[in-house]
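To start, the structure under review is shown below, and the notes come after it.
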Amino acid sequence: FHYELIVPENFIVKTKSYNGLDEIIDDTTAIAVNRYVLHMDEVDRFKEEDYSKGDALVKRAEVKLFELENQNKRNFFSYSKATKIFSKRIYEGNSDKEIKKETKEIRALIKREKWDKIIDNKEKIIALEHYIKASFKRAKTGYYYVHEPIKRRIYSKQNAMRIYARIFDLLEINHEVVITCNRFEKQFDENFETYSFLEASLFYFPEYDQYMAPTNDFMRFGLIPSVYAYHKGLFLKPIEVGGVRSFYPEIREIPGTNSDVNYDNMTFDIEFDEDFEKVKAHVRHEASGYSAVYTRPYMTVATEEQKEEILKANLKSFAEDAEITNITTHNEEMEGYMLAKPYIYEGDAESSSLIEQAGKKFLFKMGLVIGAQVEMYQDTARKFDVENTYNHGYKRILNIKIPEGYKVTNLSDLNMDYSFSKDERNAMEFTSKYELNGNSLKVTCIEFYDEISVPLERYEEFRTVINAAADFNKITLVFEEQ
């Protein structure tokens with residue numbers, strides 16, 4: 001591999017290599033030009049690992065123009081300059097006339113939608129975000145000022161931040177602009193200041209310590225794409241002196257949500273027919289946070305046939321041959337505070353593949369009803385830290401009605417306990433336990449991952465918890481006559 005960058009001799013370039021890449025060398029023998037060189041006789045092929053940072057681990061380099069010698073010009077790319085550029089684009093303008101038009105249109109919108117009558121600022125944020133995401137269409141607007149886009153109910157990635165920010169200002173809602181990048185493509189570097197880390201814009205609300213993704217139609221206040229969370233970003237911190245507002249840069253962590261927010265909880269009420277030929281169950285899913293994002297938003301735009309198809313596919317995780325009937329859903333709508341109301345869907349399932357007979361015994365493949373679980377094998381030594389997409393959890397409750405005259409002979413198989421802690425709290429866990437009351441068997445299975453990045457030296461802990469879920473899949477209950 002050979003790379004050269006040749007620039008005029010008054011161009012001073014700065015570079016930084018990542019992930020073990022050799023540093024780019026300044027060739028001091030070059031005449032009348034500046035020459036920067038990277039030469040490698042061999043380049044190891046990158047092999048991505050499951051549950052890792054993906055492309056962010058590829059060897060790469062950042063390159064930026066730093067100085068024009070003899071012109072007294074330097075430090076062209078800095079987070080301070082980026083802060084000025086972004087804040088001007090979002091909050092300011094060169095035409096007082098256009099700004100007045102913009103303000104007039106926004107005030108009219110606020111009055112029409114009665115956002116100024118809402119007492120709580122959090123409710124204002126939720127209401128205006130839903131209005132924009134439900135009423136505006138995405139388009140290439142070509143507008144800097146936003147009065148025309150508001151009139152036409154259109155917005156683009158470029159002017160969405162300005163639309164929201166100007167409304168927030170007129171409603172006196174305290175907020176900060178945050179700019180970051182996809183952590184699975186590159187890790188935000190606060191020490192090498194370049195604009196390649198400034199790809200995605202968010203809002204932060206200090207009063208509530210929560211974030212909003214203005215151009216993501218599937219997410220609402222309190223939830224942002226997970227690729228931008230659990231990561232650092234550039235915060236445009238406002239400061240007002242003498243009635244004049246300005247902004248200064250702060251590099252801070254963008255925390256993500258945990259399993260108390262991102263969960264897919266399942267309840268199964270299971271019974272068998274008289275001949276032990278079929279398993280019948282009522283299956284209920286209660287999903288929140290990221291676990292609801294991949295289903296709930298589609299329900300607001302899908303036809304009834306499409307809804308049924310999507311939910312049947314989800315409920316069929318109970319068993320591949322399951323017949324699904326009586327599907328109902330709750331909290332489909334995207335209005336209100338999404339994190340306060342989980343998306344619920346449920347239905348009845350019937351399967352014959354989960355039961356087998358062995359002589360006078362009946363075998364119920366109970367572990368399969370929670371859906372297929374990942375099993376992690378490691379044929380070669382792990383190279384990279386674990387990086388989860390987002391912290392998440394599952395609580396599965398199986399209420400099993402044991403037929404009269406039968407007993408389960410291997411209840412002890414249901415006891416599982418694998419948990420690992422960090423900073424004196426459980427960071428990841430898989431546990432299973434049971435309660436038997438008469439012919440009612442209740443199995444409670446808890447699984448969660450609340451550590452977004454697990455260092456390589458603790459990889460086996462992570463793999464143990466993942467594989468515990470796969471081991472649960474293999475549990476088969478044995479029913480015998482009493």
Side-chain angles (χ1 to χ4, degrees), residues 81-179 195 198-207 210-221 224 234-240 242-247 300-301 334-335:
K81 287 187 177 180
T83 298
K84 291 178 182 178
I85 292 169
F86 280 97
S87 62
K88 182 175 181 179
R89 184 185 304 165
I90 294 169
Y91 296 99
E92 301 173 19
N94 297 319
S95 170
D96 290 341
K97 181 180 177 181
E98 294 299 314
I99 290 177
K100 286 179 180 178
K101 287 182 182 178
E102 197 177 58
T103 302
K104 182 180 178 181
E105 189 63 38
I106 293 171
R107 288 193 188 281
L109 174 62
I110 290 171
K111 184 177 181 180
R112 185 167 63 249
E113 296 301 319
K114 300 179 181 179
W115 295 329
D116 54 334
K117 304 299 182 184
I118 301 173
I119 303 301
D120 183 64
N121 276 348
K122 180 177 177 180
E123 294 302 318
K124 289 179 183 177
I125 297 165
I126 291 168
L128 72 90
E129 180 191 19
H130 178 71
Y131 172 82
I132 292 172
K133 290 183 175 180
S135 305
F136 282 45
K137 291 183 178 180
R138 188 81 64 91
K140 292 184 178 180
T141 66
Y143 292 100
Y144 177 88
Y145 300 98
V146 297
H147 46 284
E148 281 300 325
I150 289 175
K151 279 182 183 178
R152 297 169 55 190
R153 293 189 181 184
I154 57 174
Y155 75 99
S156 67
K157 182 180 177 181
Q158 286 69 35
N159 63 27
M161 293 297 290
R162 187 175 179 92
I163 291 174
Y164 280 98
R166 295 248 33 224
I167 296 173
F168 292 150
D169 276 353
L170 290 174
L171 288 173
E172 298 183 350
I173 295 172
N174 185 22
H175 64 280
E176 296 175 17
V177 171
V178 186
I179 311 161
Y195 298 170
L198 307 178
E199 297 175 350
S201 298
L202 312 164
F203 283 110
Y204 171 62
F205 302 93
E207 183 178 355
Q210 291 198 318
Y211 294 78
M212 189 186 85
T215 58
N216 188 301
D217 295 338
F218 290 169
M219 296 187 185
R220 295 292 190 267
F221 173 81
I224 60 175
L234 169 65
F235 288 67
L236 277 55
K237 184 75 174 175
I239 184 170
E240 192 166 316
V244 177
R245 181 174 61 177
S246 58
F247 299 84
T300 61
V301 295
M334 295 293 288
E335 290 186 75

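- Among residues at least two apart or in separate chains, side chain to side chain donor-acceptor pair (under 3.5 Å) pairs with a member in residues 160-175 are Tyr91-His175, Glu102-Arg162, Glu102-Arg166, Thr103-Arg166, Asp169-Arg245.
- By the side chain to side chain donor-acceptor pair (under 3.5 Å) test, Lys100 is found to be paired with no residue, residues two or more places apart in sequence or in another chain being considered.
- Take Glu105 and apply the side chain to side chain contact (heavy atoms under 4.5 Å, CB included) test, not counting sequence neighbours, and it matches His147, Ile150, Lys151.
- Take Lys133 and apply the salt bridge (charged side-chain N to carboxylate O under 4.0 Å, His left out) test, not counting sequence neighbours, and it matches Glu129.
- A donor-acceptor pair is defined here as one N or O able to donate and one able to accept, closer than 3.5 Å; such a pair exists between the side chain of Ser87 and the backbone of Lys84.
- Under the salt bridge (charged side-chain N to carboxylate O under 4.0 Å, His left out) criterion, Glu98 pairs with Lys101, not counting sequence neighbours.
- For Lys111, the NZ atom is loosely surrounded, since the number of other residues' heavy atoms within 6.0 Å does not exceed 12.
- Checked against salt bridge (charged side-chain N to carboxylate O under 4.0 Å, His left out), Lys88 has no partners two or more places apart in sequence or in another chain.
- Under the rule for a side chain to side chain contact (heavy atoms under 4.5 Å, CB included), the partners of Ala82 that lie at least two apart in sequence or sit in another chain are Phe86, Tyr195, Leu198, Leu234.
- For Lys157, there are no salt bridge (charged side-chain N to carboxylate O under 4.0 Å, His left out) partners at least two apart in sequence or on another chain.
- Checked against side chain to side chain donor-acceptor pair (under 3.5 Å), Arg107 has no partners two or more places apart in sequence or in another chain.
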Under 3.5 Å, which donor-acceptor pairs do the side chains of residues 115-122 form with other protein atoms, sequence neighbours left out?
{"from": "Asp120", "atom 1": "OD2", "to": "Lys122", "atom 2": "N", "distance (Å)": "3.2"}
{"from": "Asp120", "atom 1": "OD2", "to": "Glu123", "atom 2": "N", "distance (Å)": "3.2"}

